[in-house]
Amino acid sequence: VQLQASGGGLVQPGGSLRLSCAASGFMFSLNTMGWYRQAPGKQRELVATITSSGSTNYVDSVKGRFTISRLNTKKTVYLQMDSLEPEDTAVYYCHLNLRRDWWGQGTQVTVSS
């Protein structure tokens with residue numbers, strides 16, 4: 001299993017970013033994928049998940065601002081982040097639970113003016 005995350009960066013409050021996670025080594029279309037984040041000094045938290053059928057779930061703090069989606073033909077999961085706030089600053093990880101937890105390498109998102 002490999003999960004390759006990309007798309008992070010520095011953005012001003014109110015701005016947008018789209019994260020991507022390219023997956024390989026397993027049956028992508030059959031598995032739930034997720035995005036987590038970890039801010040400095042805080043525990044890693046679940047941000048959003050998307051099931052194989054496309055059902056989504058979000059942590060309350062990002063509802064209405066973030067959208068998780070997937071493109072099975074590209075084996076890629078996305079996280080569209082709009083109306084970003086300084087509190088969204090964190091390292092973002094894509095996640096798969098398949099016999100064990102698998103993590104991407106993380107991509108830094110910094111929201112600052």
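E45 CD: more than 12 foreign heavy atoms inside a 6.0 Å radius. A 6.0 Å sphere centred on CZ of R99 holds no more than 12 heavy atoms belonging to other residues, nucleotides or ligands.
No side-chain heavy atom of E87 sits under 4.5 Å from any side-chain heavy atom of S61. Put simply, the side chain of T89 reaches to within 4.5 Å of the side chain of Q108, judged on heavy atoms. At least one side-chain heavy atom of P13 sits less than 4.5 Å from a side-chain heavy atom of P86. In this structure, the side chains of I50 and V77 come closer than 4.5 Å at one or more pairs of heavy atoms. Within the 4.5 Å cutoff, no side-chain heavy atoms of N97 are placed close to those of T32. V11 has its side chain out of reach of T110: every pair of non-hydrogen atoms, C-beta onward, lies at least 4.5 Å apart.
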Would you sort out whether T76 and S20 count as a side chain to side chain contact (heavy atoms under 4.5 Å, CB included), showing the intermediate values? CA-CA 7 Å; T76 301; S20 300; 4.2 Å; yes
Check the pair T51, S53 against side-chain hydrogen bond (donor to acceptor under 3.5 Å, both in side chains), reporting the backbone distance first and the verdict last. CA-CA 5 Å; T51 68; S53 62; 3.1 Å; yes
Apply side-chain hydrogen bond (donor to acceptor under 3.5 Å, both in side chains) to residues N57 and T49 and explain how you reach the verdict. CA-CA 5 Å; N57 189 45; T49 59; 4.5 Å; no
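Cluster annotation: W102 is not connected to Y78 through the hydrophobic network of ILVMFWY side chains, with a link wherever side-chain heavy atoms come within less than 4.5 Å. Cluster annotation: W103 is not connected to L79 through the hydrophobic network of ILVMFWY side chains, with a link wherever side-chain heavy atoms come within less than 4.5 Å. In the hydrophobic cluster analysis, where Ile, Leu, Val, Met, Phe, Trp and Tyr join through side-chain heavy atoms closer than 4.5 angstrom, V111 is grouped together with M81.
Using modelled atom types, no side-chain atom of T73 and backbone atom of L71 make a donor-acceptor pair closer than 3.5 Å. Between the side chain of N31 and the main chain of F28, no donor-acceptor pair closer than 3.5 Å is present.
The OG atom of S69 lies 8.0 Å from the CD atom of Q80; values are rounded to the nearest 0.5 Å. Put simply, CE on M27 and CG on N72 are 10.0 Å apart, with the number rounded to the nearest 0.5 Å. Of the inter-residue distances, the one linking I68 atom CD1 with S55 atom OG reads 11.5 Å to the nearest 0.5 angstrom. One distance of note links CD of Q12 with OG of S113; it measures 7.0 Å at 0.5 Å rounding. The structure places OH of Y36 at 12.0 Å from SG of C94, a figure rounded to the nearest 0.5 Å.
With V109 as the partner, the side-chain contact (heavy atoms from CB on, under 4.5 Å) test is satisfied by one option alone out of L19, V91, L10: L19. The side-chain contact (heavy atoms from CB on, under 4.5 Å) test with L3 singles out one residue from Q105, H95, M33, and that residue is M33.
Using cut-offs of 30° and 60° on the angle between ring planes, the pair Y92 and F66 is tilted.
Shown here for S16 and D82, the closest heavy-atom pair between the two residues is OG-OD1, 2.7 Å. The minimum heavy-atom distance between G25 and V1, with the atom names listed, is O-CG2, 4.2 Å.
For the pair R44 and Y93, the distance from NZ or CZ to the six-membered ring centre is under 6.0 Å and the angle to the ring normal is within 45 degrees. A cation-pi arrangement is absent between R37 and W35, since the terminal nitrogen or guanidinium carbon is not both under 6.0 Å from the aromatic centre and inside a 45° cone about the axis. Taking the ring centre of Y58 as origin, the terminal cationic atom of R65 falls outside the region bounded by 6.0 Å and 45° from the ring axis.
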